[in-house]
Asker: 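Provided herewith is a single structure, encoded as structure tokens, for subsequent inquiry.
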Amino acid sequence: MPASSEADVGSDASDADLEPVRARRSARTPWLITMAAILVAALVVAPVLVVFGQAMAAGAAEASRLLFRPRTAELLTNTVLLVAITVPVTVVLGCGAAWLVERTTVPGASLWRTLLLIPLAIPAFVSSYAWTSMLPSLHGLGGAVFVTALAYYPFVFLPAAALLRALDQGHLDAARSLGLSGVGAMLRVVIPLQRPAVAGGALLVALHLLAEFGVLQMMQYPTFTTAILQQFAVGFSNAAGSLLAAVLVLLCLGMLALEVPLRGRARIARLGPGAGQRPVAHRLGGWTLPALGALAVLAGLAVMVPTGIVLRWLMRAINSGAVEAGSLLAATGSTLGLAVLAGLAATLAALPGAWLLHRYPSRLAIGLERLTYIASALPGVVIGLALVTLAVHWARPVYQTAGLAVAAYTVLFLPRAMVAWRSGLAAAPTELIEASRSLGVSGSGTFARVVLPLVLPSALAGFVLVFLATVTELTATLLLAPTGTETLATAFWSASDQLDYVASAPYAAAMIALSIPLTLLLRRQILDQR
Amino acid sequence: MGHQLVAEGSASPADVFLTENSPAMTLVERNNLLAPLDEATRRQVPANLMPSSKAWTAIAARSTVLVYNPSKLPKADLPKSLMDLAAPQWKDRWACAPGGADFQAIVAGMLAGQGEQKTKDWLQGLKANARALQNNIATMKAVNAGEIPCGVIYHYYWYRDQAGTKEGSGNTALHYFRNRDPGAFVSLSGGAVLAGSKKPAEARKFLAYITSPAGQKVLVDSQSMEYAVGTGVASAPALPPLTTLQAPAVDPFTLSSDKVSTLMTDAGIL
């Protein structure tokens with residue numbers, strides 16, 4: 001039996017996990033779990049097939065007429081421009097802030113770490129509502145880039161900061177001893193180490209931009225997602241909308257494919273024992289004040305201004321008695337109900353695939369995991385449109401039920417639950433499971449008594465991640481929530497679409513209040529560990 | 001919503017269908033989903049505000065208007081007709097909300113009155129000249145802020161704002177096209193009972209109430225500033241009477257939302 005120490009290479013173990021381990025073939029892969037994992041993967045792939053099927057149902061002539069027209073080119077240009085400009089901006093903001101906070105002597109680093117993460121708790125459409133209420137002339141590409149960059153830079157900041165925290169002085173010392181200058185060491189050691197994390201963060205930003213609806217609708221900046229919803233409003237699930245959705249899916253898959261070369265092939269290797277040493281922070285000296293100023297401006301624009309404006313409108317709403325407590329409570333109730341169901345569904349659905357990959361890794365298990373990864377690229381509007389089409393044509397009983405909305409959330413947020421399970425299962429090595437089996441405990445008994453207690457914290461973290469993603473989900477909910485059911489996001493949207501800033505404020509505040517715990521949880525999980 | 005009802009077909013749980021504009025109602029009607037209208041209900045609304053098919057009734061009405069900012073657009077330069085706005089001199093000088101059902105009803109009226117070719121040409125002009133905003137309120141506020149000289153909206157947004165804080169329309173004025181122009185199109189909000197309703201008696205009673213003087217008074221008292229359609233019911237005093245607007249005579253039964261969305265998709269607007 002080969003020693004399994006190679007499998008314990010810290011958090012970068014993903015490569016090692018994915019290689020089939022021949023020695024584990026002794027356990028027969030249980031067919032029940034395999035079937036369950038395949039079923040879940042099929043659920044994830046189904047929307048893509050439905051969208052393409054619906055797009056092609058119009059026939060080749062009609063499809064090419066609808067596809068190859070100036071409007072599609074206009075939407076494509078807008079979408080590509082938005083991504084091409086915003087992603088580099090977020091990379092600069094995220095990496096710059098991460099460097100200042102983690103690698104320099106800037107005062108109040110702990111405060112900045114929390115503050116700079118708060119934009120994750122404020123849905124982008126809420127901060128665009130706040131900004132347009134203050135600056136109504138903010139619109140178009142400029143407005144869209146401004147709001148989305150401020151909302152999404154944490155996707156780059158978080159992994160960049162985590163990696164910089166884990167940086168080992170030993171790497172830098174080795175570089176210096178080989179003749180590199182300070183800047184040279186940065187370019188040849190630090191940046192290549194950062195590449196995978198920053199590429200991953202940039203990919204997340206790009207995917208969020210492709211899926212973005214609320215901000216772009218408010219900024220009157222048409223992209224594929226806004227056009228798909230517009231087509232849905234005039235024609236329900238028609239060919240034009242499905243064609244646009246098909247193009248959007250291709251764009252998202254293209255982004256996924258782009259990430260691989262961007263990530264680079266750098267691997268961290270460590271020879272010999274010894275503890276990592278926290279690197280010496282750069283002394284800022286005279287640059288302290290400008291650095292503080294820069295961080296303050298970023299935190300101010302991204303956090304203070306939106307929350308301040310929401311609070312101001314909320315105060316106005318309370319003072320003028322415009323808060324409809326009944327509707328607010330009903331919306332909160334629906335939102336929480338859907339979010340709990342979605343959290344449970346996604347957590348349970350991710351388990352077979354994660355368990356399969358952990359305990360019985362094989363080509364099939366790896367393939368299923370990759371399929372789930374692709375699901376993370378699909379925008380809410382595509383999933384929503386696909387499920388509406390599916391339900392109306394083939395599964396009428398589930399149409400307009402909460403169950404369909406929960407199915408959409410499961411597909412959308414499955415990857416988050418999967419990631420949480422996988423990191424948790426890494427804490428339950430196969431040796432423990434095999435030891436338990438050899439002592440006579442059944443498979444399910446082992447799971448309940450040995451594995452579950454170890455993975456429960458991670459499973460709960462996965463549940464919370466899905467829960468909170470559902471609370472702020474807008475586009476799929478607009479398409480799928482049963483007529484008459486309002487969530488906080490859709491109620492907010494109805495009011496803010498009418499430019500009724502006062503009426504939207506309570507819903508915006510409720511969403512932010514429910515999302516703050518996520519941010520604190522993330523900060524603890526990722527940034528507080530060495 | 002109309003498309004949703006068509007997709008749901010006879011299995012729809014809905015009893016009554018109320019629309020803000022008539023094309024959606026016509027769509028549902030053409031799919032044979034409406035129950036026949038009570039004679040008594042029909043008599044409560046003037047015949048000129050009813051579709052020729054008599055399958056549904058109007059419950060309210062709204063007029064197309066041009067909201068303009070006098071400091072950016074002097075009264076002498078106002079367009080004589082809605083069709084003028086497609087001309088090159090109006091480039092970047094007007095706004096509308098083409099993605100919404102309200103504007104699509106106006107285009108449907110133009111299609112019925114002016115024919116397909118003129119509507120197509122006008123839509124090309126819209127694409128080239130107009131700024132597309134997300135809804136009527138955004139259009140009105142943009143004109144008010146001076147961002148754009150004028151915009152095409154429905155009348156009641158302006159009157160509502162004027163009756164309230166005036167913060168969305170304080171710097172603006174309204175221009176009625178009149179002269180049976182497409183820009184004077186009056187859109188009817190419709191009401192009908194669905195054929196698949198499980199409570200047809202209650203549904204018919206409800207519809208009869210909406211069009212009765214008592215029901216129409218509720219509409220007028222609600223400060224929504226829409227026109228009441230019931231015979232003998234006066235609308236809010238601030239509004240110019242419906243009969244003075246010289247709206248083009250368009251049979252609501254001929255309004256087709258699908259044709260409009262095809263034309264707008266072809267023009268690159270949607």
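So that the names make sense, note that chain A is the first sequence line, chain B the second, and so on, each numbered from 1.
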Asker: Looking at B:D266 and A:R69, is any side-chain nitrogen of the basic one under 4.0 Å from a carboxylate oxygen of the acidic one?
Answerer: no
Asker: Say you draw a straight line from CD of B:Q134 to CD of A:Q230; how long is it, rounded to the nearest 0.5 Å?
Answerer: 11.0 Å
Asker: If you count heavy atoms of other groups shown closer than 6.0 angstrom to CD of A:E62, is the number above 12?
Answerer: yes
Asker: Where on B:A101 is there a heavy atom nearer than 4.5 Å to chain A: the side chain, the backbone, both, or neither?
Answerer: neither
Asker: Apply the test side-chain contact (heavy atoms from CB on, under 4.5 Å) to residues B:L133 and A:H139: give CA-CA distance (whole Å), side-chain angles for both, the deciding distance (0.1 Å), then the verdict.
Answerer: CA-CA 10 Å; B:L133 295 169; A:H139 72 276; over 6 Å; no
Asker: Any non-hydrogen side-chain atom of A:V392 less than 4.5 Å from a side-chain atom of B:Q4?
Answerer: no
Asker: Between B:I269 and A:R71, is there a side-chain heavy-atom distance shorter than 4.5 Å?
Answerer: no
Asker: Select one option (side chain, backbone, both, neither) describing which atoms of A:L66 are under 4.5 Å from chain B's heavy atoms.
Answerer: side chain
Asker: Do A:S137 and B:E147 have side-chain heavy atoms sitting under 4.5 Å apart?
Answerer: yes
Asker: With only heavy atoms counted, which part of B:M1 is less than 4.5 Å from chain A, the side chain, the backbone, both or neither?
Answerer: side chain
Asker: Between B:S261 and A:V234, what is the shortest heavy-atom contact and its length?
Answerer: CB-CG2, 3.9 Å
Asker: Heavy-atom pairs under 4.5 Å with chain B: which of A:T226, A:D497, A:T72 has the most?
Answerer: A:D497
